[in-house]
Number of protein chains: 4
Amino acid sequence: MRTREGNKEEAILRAAIEVFAKHGYHDAKMSEIAEVAGIATGSAYLYFRNKESILHRIFENLWGNLHRQLADVAARDDLDPVEQLEAMIDLLLDVFAGNPQLSSVIVNEMNRLESSGKGSFLPLYEKSFDLAEQVVKEGITQGLFNPNLDIKVFRYFFLGGLRHLVHQWAKDSQSLGLNQIRQGVKSLIKRGIIVPETRMGLGDRSDKK
Amino acid sequence: MRTREGNKEEAILRAAIEVFAKHGYHDAKMSEIAEVAGIATGSAYLYFRNKESILHRIFENLWGNLHRQLADVAARDDLDPVEQLEAMIDLLLDVFAGNPQLSSVIVNEMNRLESSGKGSFLPLYEKSFDLAEQVVKEGITQGLFNPNLDIKVFRYFFLGGLRHLVHQWAKDSQSLGLNQIRQGVKSLIKRGIIVPETRMGLGDRSDKK
Amino acid sequence: MRTREGNKEEAILRAAIEVFAKHGYHDAKMSEIAEVAGIATGSAYLYFRNKESILHRIFENLWGNLHRQLADVAARDDLDPVEQLEAMIDLLLDVFAGNPQLSSVIVNEMNRLESSGKGSFLPLYEKSFDLAEQVVKEGITQGLFNPNLDIKVFRYFFLGGLRHLVHQWAKDSQSLGLNQIRQGVKSLIKRGIIVPETRMGLGDRSDKK
Amino acid sequence: MRTREGNKEEAILRAAIEVFAKHGYHDAKMSEIAEVAGIATGSAYLYFRNKESILHRIFENLWGNLHRQLADVAARDDLDPVEQLEAMIDLLLDVFAGNPQLSSVIVNEMNRLESSGKGSFLPLYEKSFDLAEQVVKEGITQGLFNPNLDIKVFRYFFLGGLRHLVHQWAKDSQSLGLNQIRQGVKSLIKRGIIVPETRMGLGDRSDKK
DNA sequence: AATGAATGAGACTTCATTCAT
DNA sequence: AATGAATGAAGTCTCATTCAT
């Protein structure tokens, strides 16, 4: 028999990420994915039921890893909530840092997959952000985070902001570096953008509106 | 006044927003758009060159309006940068508030269009955020905003965060209200999430990294 | 608009019968059916959901007609059961006589459709033969038909026999004429094949087995 | 003795009959046949040139056996034509009785194979029915069978009728027993369905038409 | 001989766009 | 301008057959 030389499944996933990133999921052709993977078109179907399941697998792999690592961070006793949140930011950025094309695919197709409700990765995705939410809640309890923080708004704002930054970086990693993002985001989250002296007053005014 | 034609074009755009929001651009059928618009399939092509140009027109209309209004805010002498930024946030949220389906379309298709580089609205889009950037820069100059702020990171983080919040709101406006978003975002931007007392120390530590 | 010139649906059905007869349902290509019908391949799908539904429509049309006519015969008071049965045989043969290709399709695909259980024509098909069964039963009651007749066996034997004859005729109408079939079947049904004098004895012997 | 090879070939044929019966020839997959046969997909091609040749072999085996046995019956001096015909009917039914799935395959695919003209079994198939025809002719000569019998019509009617009965039995052997078929067919052939007293008159009338 | 992964031709079907009326 | 039937290009997926091991 012809044995599997190399890991075809892995090769298909790599190729799919490349092609999805280049054309977007809908305009990506199975024949091109197969070509990039170095196999015949039909062979892709030995490893994946159909085109959609390739996309799903990409997300499953990503969120499977990410959730595991985020859970590790959330479980660490040696870090306070602030440090845990920073570690989570680093984690997310590190994952994307290694693969700009993957970042593009994730960012571009996430919304549609989320809305479709399909994809076995969705529970892990939700749980990942639940973990972050827990950290924030714990931070509030410990008096480290702003007690008036709207956790829901923060969650979505934070996720969307990070995602868009990664997207920009994936498009042009020259003009926007990952470490720049890393520092900037941490600073934004912690301080906001207003200088300390001014902030209290402004905050009050804003709250009164 | 070309009332009839104007109305049809408007009807097609409205219908397209509805159908794009429901199925996504790729899975939206011209025949369904025409049906919703109350015209024959072929008639849509009297008003738009093709399917893609309908999408482009939607974006052009949105960013045309938005840019004009943002420019107005940027031009106001009676507001300081902090107030201008708040006004811009309100503006963005107000636009989306009136049309959740439009919000869905914008959020879901923006990335792809941006990456494709096509679309005459892109310059307006860029300029819109340049305006916001100017306000922030001015705020820094006036000593109102954090001088260490990474404007680029802030720009993308802020846009992405807002977008994702709107997206969530468009999906389920019950569990996440627009005013909640409005307050939450302003608070986040201004304060970050760390309580004042704690922040300085943490901020220092973080900055030293 | 481009109006329907001629009856495209009818043309497709005619073409499908021709192509199904030539290659069999499975090896018939939609592109060839469309070509024979004088339309573009995609146009066939304006009239039929898919390939299978074309086949179903052919059967529906046939059995719809046939059932209606058989019901008319069954309702006639001026004919005794023997004459009704003969009229039914004539009916079946007349339908096929006009269209050998239709006969081929019916004969070749009937079994598979029947087994699949799909096809809205199946109830009519069953009812058609119920009608014939009623005639036979009435014949027995009136003492015209052999009271020992196994109606179920007769029903399937008769149908299968007629079908196969039609099939042979469809393949080669030269060497086996429809009128020949007509007479032969009627004679077979009425007399069997054994000469009268001999029959009683043989029949007895057979019955005793 | 090539036991291993012989067994595999046999296993493939058995498996093919099972799978052909379940899905029909066209929808039967070589991989499923191989799986049922307990071999690898590719191994099937060591024993059969392709899928079609498996079907052909099934028919060759059947008609080879059948023809040999029918020839034996035809050669028996101790039976008169009536008895020979009955024996032939028993023979056909006995073959099918042992294997409903084989019956299904034969009944469903026979027409197509016959029409295609391919298959080395076709001569044997023809000869088998020539044998039956000879018996009938001999019966006529001896004055046992109806001299006006249209042999050709009888041949196809008889074959088709028997085939359809077997098909029904293969689908549902509960509601239609083989012995019921056996008796019913013999009775039909010999007597027809009209009662003796009535028949002469009706027959005359019919013949005059 | 046996394997079963790999191949790739080919068909169905969809739908943006065209065009005769 | 309006229609909507007609077009036909193109992509996904299947599966009989091959072939390297």
Side-chain angles (χ1 to χ4, degrees), chain A residues 1-6 8-9 26-35 37-54, chain B residues 2 4-5 8-9 25-35 37-54, chain C residues 1-6 8-9 26-35 37-54, chain D residues 2 4-5 8-9 25-35 37-54:
Chain A
M1 68 165 187
R2 277 189 276 185
T3 47
R4 302 189 183 188
E5 304 137 16
K8 293 265 166 64
E9 187 176 313
H26 269 101
D27 291 333
K29 290 178 259 178
M30 285 297 282
S31 57
E32 187 177 351
I33 293 174
E35 194 185 18
I39 59 173
T41 305
S43 302
Y45 290 86
L46 295 173
Y47 298 89
F48 296 92
R49 196 158 26 77
N50 53 27
K51 186 177 159 184
E52 194 180 26
S53 76
I54 298 180
Chain B
R2 295 183 306 160
R4 284 179 67 210
E5 291 80 4
K8 292 246 172 98
E9 188 177 310
Y25 174 77
H26 269 101
D27 291 333
K29 298 180 217 168
M30 285 297 282
S31 58
E32 187 177 353
I33 293 173
E35 193 187 20
I39 60 172
T41 306
S43 303
Y45 288 84
L46 297 172
Y47 300 91
F48 296 91
R49 191 158 29 82
N50 54 27
K51 187 177 163 185
E52 195 180 26
S53 76
I54 298 180
Chain C
M1 71 166 188
R2 280 190 272 187
T3 49
R4 301 190 182 188
E5 305 137 15
K8 293 265 167 64
E9 185 176 314
H26 269 101
D27 291 333
K29 290 179 259 177
M30 285 298 281
S31 57
E32 187 177 353
I33 293 174
E35 193 186 20
I39 59 173
T41 305
S43 302
Y45 290 85
L46 294 174
Y47 297 90
F48 295 92
R49 196 160 22 81
N50 54 27
K51 187 176 160 186
E52 194 181 27
S53 78
I54 299 180
Chain D
R2 294 185 307 160
R4 283 180 66 211
E5 290 80 7
K8 291 247 172 98
E9 187 177 312
Y25 174 75
H26 269 100
D27 292 332
K29 298 180 219 167
M30 286 296 282
S31 58
E32 186 176 354
I33 294 173
E35 190 187 22
I39 60 171
T41 306
S43 303
Y45 288 83
L46 297 172
Y47 299 91
F48 295 92
R49 193 159 25 83
N50 53 26
K51 185 177 164 184
E52 195 180 26
S53 76
I54 298 180

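In what follows, chains carry the letters A, B, and so on, assigned in the order in which the sequence lines appear, proteins first and then strands, with residues in each chain numbered from 1. Computed from a predicted structure; not experimentally measured.
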Whole angstrom value for the distance that separates [atom2] of [N] from [atom1] of [X]:
{"X": "E35(D)", "N": "dA2(E)", "atom1": "CD", "atom2": "P", "value": "18 Å"}
{"X": "L46(A)", "N": "dA16(F)", "atom1": "CG", "atom2": "C1'", "value": "14 Å"}
{"X": "E32(B)", "N": "dT14(E)", "atom1": "CD", "atom2": "P", "value": "15 Å"}
{"X": "D27(C)", "N": "dA11(E)", "atom1": "CG", "atom2": "C1'", "value": "11 Å"}
{"X": "H26(A)", "N": "dA10(F)", "atom1": "NE2", "atom2": "C1'", "value": "15 Å"}
{"X": "Y45(B)", "N": "dA5(F)", "atom1": "OH", "atom2": "P", "value": "16 Å"}
{"X": "I39(D)", "N": "dT3(E)", "atom1": "CD1", "atom2": "P", "value": "7 Å"}
{"X": "K8(B)", "N": "dA2(F)", "atom1": "NZ", "atom2": "P", "value": "4 Å"}

Is there a donor-acceptor pair under 3.5 Å between the side chain of Y25(D) and the backbone N or O of E52(D)?
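Present.
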Nearest-nucleotide comparison on DNA chain F, the residue closer to the 5′ end among G38(B) and E52(D):
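This one resolves to G38(B).
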Spatial distance of atom CD (E9(B)) from atom CG (L46(B)) [nearest 0.5 Å]:
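Spacing of CD (E9(B)) from CG (L46(B)) equals 11.5 Å.
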Output the distance between atom OH (Y45(D)) and atom OG (S53(D)), rounded to the nearest 0.5 Å.
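It comes to 9.0 Å.
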Which nucleotide in the set dT17(F), dA2(E), dC13(F) lies at the smallest distance from any side-chain heavy atom of K51(A)?
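Within the option list, the nearest is dC13(F).
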As a test of reading the structure: which of dT7(E), dT13(E), dA5(F) is closest to the side chain of M30(C), going by heavy atoms?
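Between dT7(E), dT13(E), dA5(F), the one nearest the side chain of M30(C) would be dT13(E).
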When you compare the side chain of N50(C) with that of M30(C), does any pair of heavy atoms fall below 4.5 Å?
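Result no, sub-4.5 Å side-chain heavy-atom pair not found.
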Shortest non-hydrogen contact from A34(A) toward T41(A):
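Smallest interatomic distance, heavy atoms only, reads CB-CA, 3.6 Å.
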Non-hydrogen atoms of A44(A) and I39(A) that approach each other most closely
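It is N-CD1, 3.7 Å.
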For A44(A), answer base if it contacts any base atom (sugar-phosphate contacts may also be present), sugar-phosphate if it contacts only those atoms, and nothing otherwise; contact means non-hydrogen atoms under 4.0 Å.
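If one applies the 4.0 Å heavy-atom cut-off, A44(A) turns out to touch nothing in the nucleic acid.
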Please write out each protein N/O paired with an N/O of nucleotides 8-10 of chain E under 3.5 Å, distance rounded to 0.1 Å.
| unit_1 | atom_1 | unit_2 | atom_2 | d |
| --- | --- | --- | --- | --- |
| dG8(E) | N7 | G42(A) | N | 3.4 |

Would you mind pulling out the nucleotide paired to dA20(E), Watson-Crick or G-U wobble, both distances under 3.5 Å?
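Because both required distances fall under 3.5 Å, dA20(E) counts as paired with dT3(F).
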According to the Watson-Crick and G-U wobble definitions, with both distances under 3.5 Å, which nucleotide is paired to dT14(F)?
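Because both required distances fall under 3.5 Å, dT14(F) counts as paired with dA9(E).
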At under 4.0 Å, does any side-chain N or O of Y47(A) touch on OP1 or OP2 of dA6(E)?
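For dA6(E), OP1/OP2 do have a side-chain N/O of Y47(A) under 4.0 Å.
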